[in-house]
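Just so it is clear, the values below take in all heavy atoms, side chains as well, and ignore hydrogens, waters and symmetry mates.
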Amino acid sequence: MNVINKLKIFNDPIYGFISIPNAFIYDLIEHPYFQRLRRISQMGLSYLVYPGANHTRFHHALGCMHLMQKAIETLRFKDVTISVEEENALYIAIILHDIGHGPFSHAMERSIVEDVNHEAISLLFMNQLNIEFNRKLSLAIQIFKGDYHRKFMLQLISSQLDMDRMDYLKRDSFYTGVAEGNVNSERLIQMMNVVDDVLVIEEKGIYSVEKFLLSRRLMYWQAYLHKTSLVAELILTKVLKRAKELTLKGIHLPCSEPLMFFMQNKITLETFTPETLDLFSQLDDFDIIGALKAWQKHNDFILSTLSKMIINRDLLKIKLSSEKISLEELQSLKEKFASQNNISAIDASYFIYRGKIKNQAYSKEAEPIRILKKDKTIEDVVEASDQLNLKSLSKLVTKYYLCFPKQLI
């Protein structure tokens, strides 16, 4: 009988070689739920702006696991006790933290599964895997939910300075070519420590934290909230909403069975059964792209026009402003477009809409990034820093947008 070697090594362009820490993590990576992440892009439709941004959530999850290995190694070196069971739970929780993302992530959350966010779906996947793997994920779930008494473990997975952010900033910076996002994750991890079960950064690492927060702010403006990525995601949300609307009216649209199920049914957290979860696990970017290609030829003007926009990258115009877009300007554009295309003003709102985006690199309301001073006192990074820019990075910046067809310029 052949014994499979489960201690595999992945070659990663960011960190070099990533090793799988044990056989159980290998089994989780092999599971179809996790393999699906190979077919879900990390940055949604950002490849329409940055052609290299084709990396996947599979990539990202492995990167987070690698950073978690480094963090555990560093903390143990500094005499922080982490048992083998806790270590495994941290690997499980970090590798599965994004497993609930749907195709093109945030566009799905706002259209097809309207009332369920990806964190809630990640937890449903974890619970299901826990049943399949004979309760081996119980501690990981406890940490992920914030129910475990050692607070720093959740902070490593989800906080303002966690393995998730450290990997996606570095990885997204690499694949987009936006150099400003490149953070020194190695230095940040080396500076980590734990005091009273709370994660702290040693004072000499303060400049690395400042650089990390600045990189985060710049990546949001240059990549995640780039106006072309933003308008593409908004169009995709509108396409899916229109498709759902037509399906509920009894109009048949060509698409995959899992996608059809989510268009025919209103899904809430209460109705998210194991069968629903199984269908969700069959959804990926290819279902959506395949559907858009078919819908381009549909006789519904809204559905076909919006689908063509994404497939051919001929998007709506988007205008950003620091001032709120007036209702009068919005109405006037809608009326003009409606009369040009012989559609109603309600239908025109699929093409002309306004909204706002927010960027805040560091939130004072959330769990703070704590700096361990040389005199052993602990301070919020904003107070500990001598840089004025950290105070400005904790300020919420709001920009308003208006989307409309190019022919209305």
**Message:** Check the orientation of Phe280 and Phe272. Use parallel for under 30°, tilted for 30 to 60°, and perpendicular for over 60°.
**Reply:** perpendicular
**Asked** Within a reach of under 6.0 Å around CD of Glu186, are more than 12 heavy atoms found that belong to other residues, nucleotides or ligands?
**Response** no
**Asked** Given the rule in the side-chain contact (heavy atoms from CB on, under 4.5 Å) test, do Ser122 and Phe144 qualify, once you have shown the distances and angles that lead to the verdict?
**Response** CA-CA 10 Å; Ser122 290; Phe144 185 78; 4.2 Å; yes
**Message:** How about NZ on Lys70, more than 12 heavy atoms from neighbouring residues, nucleotides or ligands closer than 6.0 Å, or not?
**Reply:** no
**Message:** Assess, by modelled atom type and distance only, whether the side chains of Asp278 and Tyr33 contain a donor and an acceptor separated by less than 3.5 Å.
**Reply:** no
**Prompt:** If every non-hydrogen atom of Ile14 is compared with every non-hydrogen atom of Tyr175, which pair is closest and at what distance?
**Reply:** CD1-CE1, 4.5 Å
**Item:** More than 12 heavy atoms of other groups within 6.0 Å of Asn11 CG
**Value:** yes
**Item:** Side chain proximity check, Val382 to Lys364, heavy atoms < 4.5 angstrom
**Value:** yes
**Request:** Mind listing the closest non-hydrogen atom pair of Leu169 and Ser215 along with its distance?
**Result:** CD2-O, 4.4 Å
**Prompt:** Relative to Phe286, does Arg39 satisfy both conditions: NZ or CZ under 6.0 angstrom from the six-membered ring centre, and within 45 degrees of the ring's axis?
**Reply:** no
**Prompt:** Do the non-hydrogen side-chain atoms of Ile357 and Trp221 ever get within less than 4.5 Å of each other?
**Reply:** yes
**Complete:** Taken to the nearest 0.5 Å, the spacing of Leu269 CG from Leu124 CG works out to 6.0 Å
**Message:** Exactly one of Lys6, Lys136, Lys8 should register a salt bridge (Lys or Arg N to Asp or Glu O under 4.0 Å) with Asp27. Which one does?
**Reply:** Lys6
**Asked** In terms of side-chain geometry, is the basic nitrogen of Arg242 or Asp300 positioned less than 4.0 Å from the acidic oxygen of its partner?
**Response** yes
**Complete:** With Glu202 as partner, the option from Lys78, Lys376, Lys374, Lys373 fulfilling salt bridge (Lys or Arg N to Asp or Glu O under 4.0 Å) is Lys78
**Request:** Go through Lys324 and Glu329 one step at a time and tell me if the salt bridge (charged side-chain N to carboxylate O under 4.0 Å, His left out) criterion holds.
**Result:** CA-CA 11 Å; Lys324 207 169 181 179; Glu329 187 180 358; over 6 Å; no
**Prompt:** Hey, does Phe34 have a side-chain heavy atom less than 4.5 Å from the side chain of Ile95?
**Reply:** yes
**Prompt:** Does the side-chain contact (heavy atoms from CB on, under 4.5 Å) test come out yes or no for Leu277 and Ile121, once each step is laid out?
**Reply:** CA-CA 8 Å; Leu277 190 68; Ile121 300 172; 4.2 Å; yes
**Request:** Show the numbers, then the answer: is there a side-chain hydrogen bond (donor to acceptor under 3.5 Å, both in side chains) between Tyr207 and Asn184?
**Result:** CA-CA 10 Å; Tyr207 299 122; Asn184 192 346; over 6 Å; no
**Prompt:** Taking 4.0 angstrom as the limit, do Glu87 and Arg76 come out as a salt bridge?
**Reply:** yes
**Message:** Can you tell whether the side chains of Asp314 and Lys308 come within less than 4.0 Å, N to carboxylate O?
**Reply:** no
**Asked** Minimum heavy-atom separation for Leu248 to Gln264, with atom names?
**Response** CD2-O, 3.5 Å
**Prompt:** If we ignore angles and hydrogens, is there a donor and acceptor under 3.5 Å between the side chains of Thr273 and Glu275?
**Reply:** yes
**Message:** Quick one, Ser321 with Glu323, criterion side-chain hydrogen bond (donor to acceptor under 3.5 Å, both in side chains). Give me CA distance, side-chain angles, the key distance, then yes/no.
**Reply:** CA-CA 5 Å; Ser321 163; Glu323 302 296 315; over 6 Å; no
**Prompt:** Does a donor on one side chain sit under 3.5 Å from an acceptor on the other, for Tyr148 and Asp197?
**Reply:** no
**Fill in**
Taken to the nearest 0.5 Å, the spacing of Cys64 SG from Arg165 CZ works out to 12.0 Å
**Request:** Kindly compute the distance separating CE (Met219) from CG (Leu225), expressed to the nearest 0.5 Å.
**Result:** 11.0 Å
**Request:** Go through the steps to decide whether Phe337 and Tyr350 satisfy the test ring pair (Phe, Tyr, Trp, His ring centres under 6.0 Å), and finish with yes or no.
**Result:** CA-CA 11 Å; Phe337 186 73; Tyr350 274 99; over 10 Å; no
**Message:** Tell me whether Asn312 at atom CG has more than 12 heavy atoms from other residues, nucleotides or ligands lying less than 6.0 Å away.
**Reply:** yes
**Prompt:** So, do Leu320 and Leu402 sit near enough that their side-chain heavy atoms are less than 4.5 Å apart?
**Reply:** no
**Full working for ring pair (Phe, Tyr, Trp, His ring centres under 6.0 Å) between His60 and His101** = CA-CA 12 Å; His60 166 60; His101 271 289; 8.8 Å; no
**Request:** Could you tell me which non-hydrogen atom of Ile20 sits nearest to which non-hydrogen atom of Leu7, and how far apart they are?
**Result:** O-CD2, 3.7 Å
**Item:** ring pair (Phe, Tyr, Trp, His ring centres under 6.0 Å) evaluation trace for Phe10 with His66
**Value:** CA-CA 10 Å; Phe10 289 95; His66 173 74; over 10 Å; no
**Prompt:** Is any side-chain N of the basic residue among Arg150 and Glu86 closer than 4.0 Å to the acidic one's carboxylate O?
**Reply:** yes
**Request:** Apply the test side-chain contact (heavy atoms from CB on, under 4.5 Å) to residues Met163 and Ile157: give CA-CA distance (whole Å), side-chain angles for both, the deciding distance (0.1 Å), then the verdict.
**Result:** CA-CA 6 Å; Met163 302 305 114; Ile157 295 155; over 6 Å; no
**Student check: side-chain heavy atoms of Ile9 and Ile18 closer than 4.5 Å** = no
**Prompt:** Once you round to the nearest 0.5 Å, how far does CD1 of Ile92 lie from CD1 of Ile25?
**Reply:** 5.0 Å
**Request:** Run the numbers on Ser256 and Asp287 for side-chain hydrogen bond (donor to acceptor under 3.5 Å, both in side chains), then give the verdict.
**Result:** CA-CA 6 Å; Ser256 69; Asp287 294 78; 2.5 Å; yes
**Prompt:** Roughly how far apart are Thr74 OG1 and Gln69 CD, rounded to 0.5 Å?
**Reply:** 11.5 Å
**Request:** Kindly check if the number of other-residue, nucleotide or ligand heavy atoms within 6.0 Å of CG (Leu327) is above 12?
**Result:** yes
**Item:** Salt bridge Asp98-Arg57, side-chain N to carboxylate O under 4.0 Å
**Value:** yes
**Message:** Taking the ring of His55 and the ring of Phe174, is the distance between their centroids below 6.0 Å?
**Reply:** no
**Asked** How about Phe301 and Phe351: are their ring centroids closer than 6.0 Å?
**Response** yes
**Asked** Is Lys297 close to Ser304 at the side-chain level, that is, under 4.5 Å between some pair of heavy atoms?
**Response** no
**Prompt:** Is the shortest heavy-atom distance from the side chain of Thr176 to the side chain of Ser46 under 4.5 Å?
**Reply:** no
**Message:** Looking only at the side chains, is there a donor atom on one of Asn182 and Ser173 sitting less than 3.5 Å from an acceptor on the other?
**Reply:** no
**Asked** Would Phe24 and Phe133 count as a ring pair (Phe, Tyr, Trp, His ring centres under 6.0 Å) if you check the C-alpha gap in whole Å, the side-chain angles of each, and the deciding distance to 0.1 Å?
**Response** CA-CA 9 Å; Phe24 181 62; Phe133 286 106; 5.2 Å; yes
**Asked** Roughly how far, to the nearest 0.5 Å, is the NE2 atom of His226 from the CD1 atom of Ile318?
**Response** 10.0 Å
**Request:** Would you check if Asp12 and Arg171 make a side-chain contact, meaning some heavy-atom pair closer than 4.5 Å?
**Result:** yes
**Request:** Given side-chain contact (heavy atoms from CB on, under 4.5 Å), test Cys255 with Met263 step by step and report yes or no.
**Result:** CA-CA 10 Å; Cys255 67; Met263 291 203 304; 3.7 Å; yes
